[in-house]
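Below: one structure, written as structure tokens.
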Number of protein chains: 2
Amino acid sequence: MLQIERRHLIMKYIEENKSATVEELAKNFDVSTMTIRRDLQYLEDNNLIVRTHGGAILNTKLDIEIPLKEKRVRNKEEKKRIAQYAVSLVKDGQTILLDAGTTTMEIAKRLKDKKDLTIVTSDVFIAGYLARNHKFRVFCTGGHVQNMVGACIGPGTSEFLRNINVDISFIGTSSIDLEKGITTPTFEKADVKKQMIKAAGKSVLVTDSSKFGITKFAKICDLEDFDLIITDNKLPASILKELEKLEINIKLV
Amino acid sequence: MLQIERRHLIMKYIEENKSATVEELAKNFDVSTMTIRRDLQYLEDNNLIVRTHGGAILNTKLDIEIPLKEKRVRNKEEKKRIAQYAVSLVKDGQTILLDAGTTTMEIAKRLKDKKDLTIVTSDVFIAGYLARNHKFRVFCTGGHVQNMVGACIGPGTSEFLRNINVDISFIGTSSIDLEKGITTPTFEKADVKKQMIKAAGKSVLVTDSSKFGITKFAKICDLEDFDLIITDNKLPASILKELEKLEINIKLV
DNA sequence: TGATATAATCAAACATATTGAAACATAAAC
DNA sequence: GTTTATGTTTCAATATGTTTGATTATATCA
């Protein structure tokens with residue numbers, strides 16, 4: 001049987017049964033599970049199905065919207081704890097700013113018990129999530145949307161941020177160093193984050209401990225420019241000691 | 001049975017019975033109580049149920065927040081055909097603008113075979129979809145994000161649009177009338193759409209035929225301000241005749 | 001045709017996810 | 001308060017997924 005033929009039949013099968021397991025397909029078509037997986041991968045790439053652990057289901061939106069798949073994120077547990085603490089700093093009625101990223105998305109997910117918030121974000125996924133799930137006033141900065149990441153950057157983004165003031169900014173980073181400060185690969189991104197700090201009465205850096213000791217091209221600011229740094233308890237004691245020596249306000253969770 | 005299937009079925013069960021105990025679910029699905037607990041945890045994380053001692057109940061808050069049933073897109077088939085035709089107008093390398101809405105989302109979903117597009121949108125869901133699925137240059141206008149809808153509106157949005165030029169704008173509407181033109185409930189939204197038309201070398205209105213004869217508060221423009229109107233073939237012959245008399249460029253699909 | 005490149009497939013090694021059982025913690029019931 | 005039921009955490013076992021390299025089939029071109 002031709003590959004394309006098999007893929008069509010798999011699709012037909014899933015359409016009829018709404019779902020299928022890898023095992024059952026491998027048996028039906030008498031090929032290895034590996035081949036089935038590749039077929040399913042292909043069908044998913046074309047938005048026809050959604051792959052899940054053990055098989056796949058139809059891509060049609062079901063009555064209830066359950067996220068079918070969570071993007072694999074590293075240090076997920078750490079990020080959740082960081083987010084949990086970050087949320088405790090937010091008071092009802094405040095205006096907050098959420099940088100783009102997975103950690104800040106975790107913050108967004110934990111805001112549901114707050115009341116009357118105004119939330120600004122540069123992340124289109126966060127904006128979408130909040131618009132769908134909450135009753136807050138939500139603003140998206142707009143700008144050039146980075147593929148996969150969903151982060152808005154560029155002059156438009158910076159301009160938007162120059163015109164607002166918020167109570168707290170939650171900024172994420174993937175490179176933080178005691179000496180070199182917070183850095184990022186491009187000037188554009190650096191500028192956006194600079195504006196985020198400027199716009200805020202209080203700036204909080206949220207980053208898991210694996211990001212310490214990394215430096216990138218464009219500098220955003222120094223560690224002491226943040227009112228607080230939240231990270232996880234896997235931070236090496238040596239770094240922690242240095243931070244305390246520098247009188248950086250840090251919270252380990 | 002796939003995990004995701006079980007979770008859907010548990011959700012369905014709770015929806016029907018308003019509640020369920022861990023024990024009863026474990027027995028029904030023939031898995032351990034531990035697994036059921038994890039499933040319930042997952043569903044709670046997604047705001048679908050509320051966990052209680054011994055089981056879970058439906059998240060009643062959901063009844064209000066879920067326009068999902070209502071949102072189950074009306075005239076879906078028509079919208080798909082309209083989108084299909086709209087996509088045929090787009091050439092590789094062009095810059096296009098997609099208004100917020102379900103019809104324009106259908107357009108976004110059909111762009112994947114195009115090459116080297118630059119896409120601007122005021123819809124955070126469309127921006128997110130494109131960022132996740134394609135390799136295009138994607139821009140989001142930013143602004144006040146409307147709950148549930150995901151559309152950006154407000155001065156920030158209009159300002160962004162004032163600074164760009166695109167080859168084609170695809171505009172959606174929920175109210176179109178031969179005499180009163182295209183209208184919308186608020187001035188803010190009207191202004192955004194006006195800017196979208198201004199920014200475009202060519203403006204295309206995409207709307208299913210059920211929207212004809214409806215008028216709202218704020219006027220956007222007249223029908224003749226569009227270079228083309230794409231709608232479906234359910235449009236009453238009387239209206240079609242009028243349109244032709246007015247020399248409106250219309251395409252029925 | 002024969003030689004070479006390309007694609008599809010499989011199997012094995014390794015990585016990750018899911019599950020259930022046991023130990024421990026907490027809440028409800030009496 | 002004590003008891004009982006339920007929930008949580010942790011760990012090990014199993015199931016599933018991914019990556020890699022070898023093998024075979026298919027396509028391409030001199």
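In what follows, chains carry the letters A, B, and so on, assigned in the order in which the sequence lines appear, proteins first and then strands, with residues in each chain numbered from 1. Note that this is a predicted model, so its numbers are computed, not measured.
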Point to revise | Outermost DNA chain D nucleotides near chain A [under 4.0 Å, heavy atoms] | key: D/dT16 to D/dT19
Study note, to complete from the structure: Value for OG1 (A/T21) from CG (A/N28), rounded to nearest 0.5 Å, stands at 8.5 Å
Exercise for review: Look up atom NZ in A/K18 and atom CD1 in A/I49, then write down how far apart they are to the nearest 0.5 Å.
Suggested key: 14.0 Å
Flag for [Y]-[X]: side-chain donor and acceptor within less than 3.5 Å:
X      : Y      : answer
A/T121 : A/D123 : no
A/T173 : A/K211 : no
B/E5   : A/S19  : yes

**Study point:** Test log, rule side-chain hydrogen bond (donor to acceptor under 3.5 Å, both in side chains), inputs A/D177 and A/T215
**Key:** CA-CA 6 Å; A/D177 184 88; A/T215 57; 5.9 Å; no
Exercise for review: For the residue pair A/E224 and A/E247, establish whether any side-chain heavy-atom pair is separated by less than 4.5 Å.
Suggested key: no
Check your understanding: Base, sugar-phosphate alone, or nothing: which one does B/T21 contact when heavy atoms must sit under 4.0 Å apart?
Key -> nothing
Practice item. Report the distance from atom CZ of A/R37 to atom P of C/dA8, rounded to the nearest whole Å. Key: 18 Å
**Study point:** Separation of atom CD1 in B/I4 from atom C1' in C/dT18, rounded to whole Å
**Key:** 13 Å
Review point. Is the closest basic N to carboxylate O distance between A/R110 and A/E106 below 4.0 Å?
Key: yes
Atom pairs, protein N/O to nucleotides 26-30 of chain C N/O, distance under 3.5 Å:
none

Point to revise | B/R51 or A/G54, whichever maps to the more 5' nucleotide of DNA chain D | key: B/R51
Review point. Under the criterion side chain to side chain contact (heavy atoms under 4.5 Å, CB included), which of A/T118, A/T141, A/T104, A/L161 is the partner of A/L97?
Key: A/L161
Check your understanding: Got a donor-acceptor contact below 3.5 angstrom from the A/K79 side chain to the A/D208 backbone?
Key -> no
Using atom names, set out every protein N or O paired with an N or O of nucleotides 9-11 of chain C below 3.5 Å, distance rounded to 0.1 Å.
from   : atom 1 : to    : atom 2 : distance (Å)
C/dT9  : OP1    : A/R6  : NH1    : 2.9
C/dT9  : OP1    : A/R6  : NH2    : 3.2
C/dT9  : OP2    : A/Q3  : NE2    : 3.3
C/dT9  : OP2    : A/R6  : NH2    : 3.1
C/dC10 : OP1    : A/S32 : N      : 3.3
C/dC10 : OP2    : A/S32 : N      : 3.0
C/dC10 : OP2    : A/S32 : OG     : 2.8
C/dC10 : OP2    : A/T35 : OG1    : 2.1
C/dC10 : N4     : A/R38 : NH1    : 3.3

